[in-house]
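Encoded as C-alpha coordinates, the structure appears first; notes follow it.
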Amino acid sequence: MAKGSCPTCAAIEAVLVASKRVPRGAAKKIGYSGPTRRLDRTMRQTKAVRKVSEYAKKLSKHLKKERAKATKKNGDFKKGWNQARVMAAAHKCVKRELK
(Lines give C-alpha, C1' and ligand atoms only; values in the text may rest on other atoms or scores of the structure.)
Protein backbone atom coordinates (compact mmCIF):
# COMPACT_ATOMS: atom_id res chain seq x y z
CA MET A 1 0.00 0.00 0.00
CA ALA A 2 1.53 3.29 -1.06
CA LYS A 3 1.87 6.10 1.45
CA GLY A 4 -1.21 8.28 1.26
CA SER A 5 -3.58 5.54 0.13
CA CYS A 6 -4.55 4.33 3.61
CA PRO A 7 -8.00 5.76 4.46
CA THR A 8 -7.59 5.11 8.19
CA CYS A 9 -4.26 6.94 8.28
CA ALA A 10 -5.71 9.84 6.30
CA ALA A 11 -8.67 10.06 8.69
CA ILE A 12 -6.42 10.13 11.75
CA GLU A 13 -4.27 12.81 10.14
CA ALA A 14 -7.37 14.88 9.30
CA VAL A 15 -8.68 14.66 12.86
CA LEU A 16 -5.33 15.74 14.30
CA VAL A 17 -5.04 18.66 11.85
CA ALA A 18 -8.64 19.72 12.52
CA SER A 19 -7.98 19.88 16.25
CA LYS A 20 -5.51 22.73 15.50
CA ARG A 21 -3.31 21.56 18.36
CA VAL A 22 -1.04 19.34 16.25
CA PRO A 23 1.06 20.78 13.42
CA ARG A 24 0.37 19.36 9.95
CA GLY A 25 3.78 17.65 9.68
CA ALA A 26 3.43 15.96 13.06
CA ALA A 27 -0.14 14.91 12.25
CA LYS A 28 1.05 13.25 9.05
CA LYS A 29 3.86 11.47 10.90
CA ILE A 30 1.44 10.18 13.56
CA GLY A 31 -1.28 9.28 11.06
CA TYR A 32 1.02 7.21 8.89
CA SER A 33 3.05 5.66 11.72
CA GLY A 34 3.69 1.92 11.97
CA PRO A 35 1.16 1.21 14.73
CA THR A 36 -1.60 3.03 12.83
CA ARG A 37 -0.87 1.11 9.63
CA ARG A 38 -0.74 -2.21 11.54
CA LEU A 39 -4.10 -1.43 13.13
CA ASP A 40 -5.57 -0.64 9.72
CA ARG A 41 -4.26 -3.91 8.25
CA THR A 42 -5.60 -5.91 11.21
CA MET A 43 -9.02 -4.31 10.97
CA ARG A 44 -9.24 -5.10 7.25
CA GLN A 45 -8.35 -8.77 7.80
CA THR A 46 -11.01 -9.28 10.46
CA LYS A 47 -14.22 -10.57 8.91
CA ALA A 48 -17.46 -11.62 10.52
CA VAL A 49 -18.05 -15.34 10.47
CA ARG A 50 -21.59 -16.39 9.65
CA LYS A 51 -23.21 -19.23 11.53
CA VAL A 52 -23.96 -22.22 9.29
CA SER A 53 -27.70 -22.78 9.06
CA GLU A 54 -29.40 -26.04 9.99
CA TYR A 55 -30.63 -26.34 6.39
CA ALA A 56 -27.09 -26.05 4.98
CA LYS A 57 -25.77 -28.73 7.35
CA LYS A 58 -28.54 -31.15 6.41
CA LEU A 59 -28.16 -30.34 2.71
CA SER A 60 -24.47 -31.22 2.89
CA LYS A 61 -25.27 -34.60 4.47
CA HIS A 62 -27.97 -35.42 1.89
CA LEU A 63 -25.83 -34.27 -1.05
CA LYS A 64 -23.18 -36.83 -0.06
CA LYS A 65 -25.80 -39.58 0.13
CA GLU A 66 -27.46 -38.66 -3.17
CA ARG A 67 -24.11 -38.26 -4.94
CA ALA A 68 -23.13 -41.76 -3.77
CA LYS A 69 -26.35 -43.15 -5.26
CA ALA A 70 -25.85 -41.29 -8.55
CA THR A 71 -22.23 -42.18 -9.34
CA LYS A 72 -20.42 -45.28 -10.53
CA LYS A 73 -17.16 -46.53 -9.01
CA ASN A 74 -15.10 -44.51 -11.49
CA GLY A 75 -16.92 -41.27 -10.50
CA ASP A 76 -19.07 -40.87 -13.62
CA PHE A 77 -22.81 -40.38 -13.28
CA LYS A 78 -25.05 -43.40 -13.81
CA LYS A 79 -27.41 -43.31 -16.77
CA GLY A 80 -30.19 -40.77 -16.24
CA TRP A 81 -28.40 -38.95 -13.42
CA ASN A 82 -26.76 -35.51 -13.47
CA GLN A 83 -25.84 -32.85 -10.91
CA ALA A 84 -29.22 -31.14 -11.27
CA ARG A 85 -31.02 -34.34 -10.35
CA VAL A 86 -28.68 -34.91 -7.40
CA MET A 87 -29.35 -31.39 -6.08
CA ALA A 88 -33.11 -31.72 -6.55
CA ALA A 89 -33.16 -35.04 -4.69
CA ALA A 90 -31.05 -33.65 -1.86
CA HIS A 91 -33.26 -30.55 -1.47
CA LYS A 92 -36.32 -32.80 -1.45
CA CYS A 93 -34.83 -34.96 1.34
CA VAL A 94 -33.93 -31.91 3.44
CA LYS A 95 -37.40 -30.39 3.05
CA ARG A 96 -38.94 -33.71 4.10
CA GLU A 97 -36.59 -34.00 7.08
CA LEU A 98 -37.24 -30.46 8.33
CA LYS A 99 -41.05 -30.87 8.32
Side-chain angles (χ1 to χ4, degrees):
M1 189 180 288
K3 194 169 189 176
S5 63
C6 172
T8 305
C9 299
I12 290 172
E13 179 188 0
V15 168
L16 292 172
V17 169
S19 72
K20 297 186 180 181
R21 293 188 179 170
V22 181
R24 187 173 293 277
K28 188 166 195 146
K29 195 169 189 177
I30 294 167
Y32 290 92
S33 66
T36 305
R37 294 178 74 78
R38 273 194 300 280
L39 172 70
D40 181 62
R41 196 171 25 246
T42 303
M43 294 305 290
R44 288 175 193 279
Q45 290 172 353
T46 306
K47 293 192 179 194
V49 179
R50 292 188 303 135
K51 183 180 174 188
V52 180
S53 69
E54 182 184 1
Y55 188 91
K57 288 179 186 176
K58 290 183 187 292
L59 181 64
S60 174
K61 180 179 75 172
H62 286 288
L63 274 172
K64 287 175 189 159
K65 286 181 182 178
E66 293 299 324
R67 182 75 185 198
K69 281 192 231 173
T71 54
K72 298 188 269 184
K73 283 184 179 181
N74 70 358
D76 292 342
F77 282 113
K78 293 178 180 176
K79 185 176 180 181
W81 282 88
N82 59 18
Q83 186 61 34
R85 185 171 169 191
V86 170
M87 287 297 286
H91 279 296
K92 191 174 182 180
C93 290
V94 174
K95 278 178 26 182
R96 196 176 309 129
E97 189 177 322
L98 288 176
K99 275 189 176 180

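All values below were derived from every heavy atom in this structure, side-chain atoms included, with hydrogens, water molecules and symmetry-related copies excluded.
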I'd like a table of donor-acceptor pairs (distance under 3.5 Å, sequence neighbours excluded) in which one partner is a side-chain atom from residues 76-90, with atom names and distances.
from: Asp76; atom 1: OD2; to: Asn74; atom 2: ND2; distance (Å): 3.2
from: Lys78; atom 1: NZ; to: Lys69; atom 2: O; distance (Å): 3.1
from: Asn82; atom 1: OD1; to: Ala84; atom 2: N; distance (Å): 3.2
from: Asn82; atom 1: OD1; to: Arg85; atom 2: N; distance (Å): 2.8
from: Gln83; atom 1: OE1; to: Arg67; atom 2: NH1; distance (Å): 2.7
from: Arg85; atom 1: NH1; to: Gly80; atom 2: O; distance (Å): 3.0

ask   = Distance from Leu39 atom CG to Cys6 atom SG, nearest 0.5 Å?
value = 9.0 Å
ask   = Who pairs with Arg21 by side chain to side chain contact (heavy atoms under 4.5 Å, CB included), at least two apart in sequence or on another chain?
value = Ser19
message = Suppose we screen for salt bridge (charged side-chain N to carboxylate O under 4.0 Å, His left out). Which residues come up paired with Lys61, at least two apart in sequence or across chains?
response = Glu97
note = Contacts of Ala26 meeting side chain to side chain contact (heavy atoms under 4.5 Å, CB included) (sequence neighbours excluded), chain-then-number -> Val22, Pro23
inquiry  = Distance check, rounded to the nearest 0.5 Å: Lys28 atom NZ versus Leu16 atom CG?
reply    = 13.0 Å
inquiry  = For a 4.5 angstrom cut-off between non-hydrogen side-chain atoms, does Leu98 reach Lys58?
reply    = yes
note = When rounded to the nearest 0.5 Å, the distance separating OH of Tyr55 from NE2 of His62 is 9.5 Å
query = Nearest 0.5 Å, what's the CD-CG distance between Glu54 and Leu59?
reply = 12.5 Å
message = My understanding is that a hydrophobic cluster links ILVMFWY residues whose side chain heavy atoms are under 4.5 Å apart, including indirect links. Using that, what else belongs to the cluster containing Val49?
response = none
key: Partner set under side chain to side chain contact (heavy atoms under 4.5 Å, CB included) for Val17, not counting sequence neighbours   = Glu13, Arg24, Ala27
key: Partners passing side-chain hydrogen bond (donor to acceptor under 3.5 Å, both in side chains) against Lys65 (at least two apart in sequence or in another chain)   = none
inquiry  = My understanding is that only residues two or more places apart in sequence, or in another chain, count here; which of them pass side-chain hydrogen bond (donor to acceptor under 3.5 Å, both in side chains) with Ser60?
reply    = none
query = Sequence neighbours excluded, which residues qualify as side-chain hydrogen bond (donor to acceptor under 3.5 Å, both in side chains) partners of Ser33?
reply = Thr36
